[in-house]
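All ligand and atom numbering here is 1-based and tracks the order in the structure. All values derive from a computational prediction rather than experimental measurement.
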Amino acid sequence: MSTPRRGVLVTGASRGIGAAVARRLAAHGDRVAVHHRASRERAEEVLASLDGDGHVVVGGDIGDPAAVPSMVATAADALGRIDVLVNNAALYTEPAPGGHRRLGHPLDATPYEEWVAAWRRTVDVNLLGTANVTWCVARHMLDVDPEPGAPRGRIVNVGSRGAFRGEPDVPAYGAAKAGVHALGQSLALALGEHGIAVSSVAPGFVATDMAAEHLEGPGGDALRAQSPFGRVAAPEEVAAAVAYLASAEAEWASGAVLDLNGASHLR
Ligand SMILES: NC(=O)c1ccc[n+]([C@@H]2O[C@H](COP(=O)([O-])OP(=O)(O)OC[C@H]3O[C@@H](n4cnc5c(N)ncnc54)[C@H](OP(=O)(O)O)[C@@H]3O)[C@@H](O)[C@H]2O)c1
């Protein structure tokens with residue numbers, strides 16, 4: 001059984017998978033800090049859609065190490081205690097000035113300066129940002145006791161199939177996600193003795209803003225055909241797995257990297 005009224009921080013919950021996770025956990029009775037970077041209005045809309053009460057919106061660019069401690073402190077103050085961290089926020093490609101997303105940084109078509117910048121920003125947000133949010137929340141979990149009988153903490157990372165299958169157009173994304181999986185496994189070993197379980201999910205394509213350009217483009221059918229089910233995931237399917245990994249009974253899944261890709265990539 002999960003602890004009633006847990007405090008949960010979901011990074012990148014203003015849309016997509018993070019919003020679905022926030023809704024799922026709120027429906028379960030948790031109090032959720034809905035984190036966003038720039039989309040405060042969308043985060044407020046997610047907040048308004050959540051079941052129950054005691055939820056809060058927190059903002060901040062996780063790629064900025066100086067912004068992370070105050071974001072986590074704001075969430076912890078509002079929730080009282082953070083029992084669950086869902087490290088979901090990430091970028092695939094940074095939106096270009098003017099709105100549309102760049103195609104990525106395929107090695108054979110990317111000037112060196114752009115290559116360096118893409119790797120820097122992707123690793124800053126997806127890997128270092130995740131590590132820094134995790135440090136702040138795990139430190140809080142260690143310092144503030146949970147309710148009697150409740151686990152000290154659960155940390156669930158949203159990784160990616162791309163870490164295993166390769167990301168030829170966005171290699172920094174694939175590499176950073178591989179790092180996220182490895183971070184989760186190292187911390188599963190480091191934090192287990194404290195009663196904190198750490199795991200990751202590795203989704204294939206999911207129908208969100210992040211994947212929209214690919215799924216709605218001319219190659220969309222081929223992407224759907226990667227799975228024998230002939231489709232991509234809904235955000236709610238990823239949220240269901242995250243909810244399990246965040247539960248008290250999932251302690252023995254600590255260290256796992258759970259494939260969620262509709263058999264589109266078997267390893
Ligand atoms: N969609 C897929 O096909 C897919 C597949 C595998 C894995 N994933 C992973 O699933 C997770 C969620 O993806 P999604 O598809 O739901 O993405 P999305 O729709 O693009 O949403 C991304 C979320 O992350 C936040 N975010 C982005 N950059 C940030 C930064 N620098 N600092 C703080 N927050 C930031 C965004 O906040 P704002 O709204 O304020 O910008 C937004 O809430 C990511 O880790 C992604 O890598 C997605």
Yes or no: does [X] have any heavy atom under 4.0 Å from an atom of ligand 1?
{"X": "H214", "answer": "no"}
{"X": "A207", "answer": "no"}
{"X": "G204", "answer": "yes"}

Using a strict 4.0 Å cut-off to heavy atoms of [X], name the atoms of ligand 1 that fall inside it.
{"X": "A13", "value": "43 (O)"}
{"X": "K177", "value": "44 (C), 45 (O), 46 (C), 47 (O)"}
{"X": "G60", "value": "32 (N), 33 (C)"}
{"X": "V125", "value": "30 (C), 31 (N)"}
{"X": "H35", "value": "33 (C), 34 (N)"}
{"X": "S14", "value": "37 (O), 38 (P), 39 (O), 40 (O), 42 (C), 43 (O)"}

Under a 4.0 Å threshold between the charged nitrogen and the carboxylate oxygen, would [Y] count as salt-bridged to [X]?
{"X": "R267", "Y": "D259", "answer": "yes"}
{"X": "R121", "Y": "D124", "answer": "no"}
{"X": "R37", "Y": "D61", "answer": "no"}

Does A38, backbone or side chain, put an N or O under 3.5 Å from an N or O of ligand 1?
-> yes

Kindly give the heavy-atom pair with the smallest separation between F205 and L223, and that separation in Å.
-> CE1-CD2, 3.6 Å

Answer side chain, backbone, both or neither: which part of [X] comes under 4.0 Å from ligand 1, heavy atoms only.
{"X": "V158", "result": "both"}
{"X": "R121", "result": "side chain"}
{"X": "V206", "result": "both"}
{"X": "R42", "result": "neither"}

Which residues share a salt bridge (Lys or Arg N to Asp or Glu O under 4.0 Å) with D169, sequence neighbours left out = none

Do you see a donor-acceptor pair shorter than 3.5 Å between the side chains of R231 and Q226?
-> no

Please write out which residues are connected to V238 in a hydrophobic cluster, directly or through intermediates, given that two of Ile, Leu, Val, Met, Phe, Trp, Tyr count as joined at side-chain heavy-atom separations below 4.5 angstrom.
-> V8, V10, I17, V21, L25, V32, V34, V46, L47, L50, V57, V84, V86, V156, V158, V201, V206, V242, Y244, L245, L258, L260

Can you tell if the side chain of D209 reaches within under 4.5 Å of the side chain of R42, non-hydrogen atoms only?
-> yes

So between Y92, F205, Y173, whose heavy atom ends up nearest atom 46 (C) of ligand 1?
-> Y173

